[in-house]
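Note sheet for the following structure.
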Amino acid sequence: MNANRIIDMIVRQVMRRLVNKGVNKGIDMASRKGDSSDPSKGSNRPAAPRHAQNLRQAQRVTRQMRRFMKF
């Protein structure tokens, strides 16, 4: 293997990890944005089912994104 291929492999791995961390962080922040688990807000709904629904939606979006992202 020449140096160009090795550098390309390293850059590709680093970029993949950065993009994955960014996507995961964004999905986590989006799922917490609508979470009203603070009892002082007066919400009577439990937070667990809504969190599960957001998690399923985030996983579906992630699967769709992975289908189109090729490294």
Side-chain angles (χ1 to χ4, degrees):
M1 291 173 69
N2 58 13
N4 192 25
R5 287 182 71 184
I6 293 172
I7 292 172
D8 285 341
M9 284 184 356
I10 292 170
V11 168
R12 194 176 305 126
Q13 286 179 353
V14 169
M15 289 301 294
R16 182 183 303 138
R17 289 180 186 173
L18 288 174
V19 168
N20 283 337
K21 283 183 182 182
V23 168
N24 289 337
K25 188 72 167 179
I27 289 173
D28 289 341
M29 288 178 64
S31 68
R32 280 194 306 248
K33 184 176 183 180
D35 188 20
S36 59
S37 60
D38 188 12
S40 65
K41 302 257 182 179
S43 175
N44 293 334
R45 293 183 302 171
R50 184 172 181 166
H51 177 70
Q53 181 183 11
N54 288 340
L55 182 61
R56 282 192 299 271
Q57 183 179 5
Q59 289 172 342
R60 186 175 63 233
V61 169
T62 304
R63 281 193 302 269
Q64 290 173 349
M65 289 175 61
R66 284 184 184 158
R67 197 178 327 154
F68 295 110
M69 294 174 61
K70 303 223 191 240
F71 287 100

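Predicted, not measured: the structure shown is a model, and the values here were computed from it. All heavy atoms count here, side chains included; hydrogens, waters and symmetry mates do not.
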Legend entry - S31 versus N54, closest heavy-atom pair with distance: O-ND2, 3.6 Å
Inset, instruction - Report the residues that fulfil side chain to side chain contact (heavy atoms under 4.5 Å, CB included) with R17, sequence neighbours left out, ordered by chain and then residue number. - result: none
Legend entry - Cluster link L55 to M29, ILVMFWY, side chain under 4.5 Å: no
Legend entry - Side-chain heavy-atom pair I6, N2 within 4.5 angstrom cut-off: no
Inset, instruction - Drop me the distance from M15's CE to N20's CG, to the nearest 0.5 angstrom. - result: 11.0 Å
Inset, instruction - Any chance you could measure R60, atom CZ, to T62, atom OG1, to the nearest 0.5 Å? - result: 10.5 Å
Legend entry - Atom pair CZ (R12) and CZ (R5), whose distance is rounded to the nearest 0.5 Å: 9.0 Å
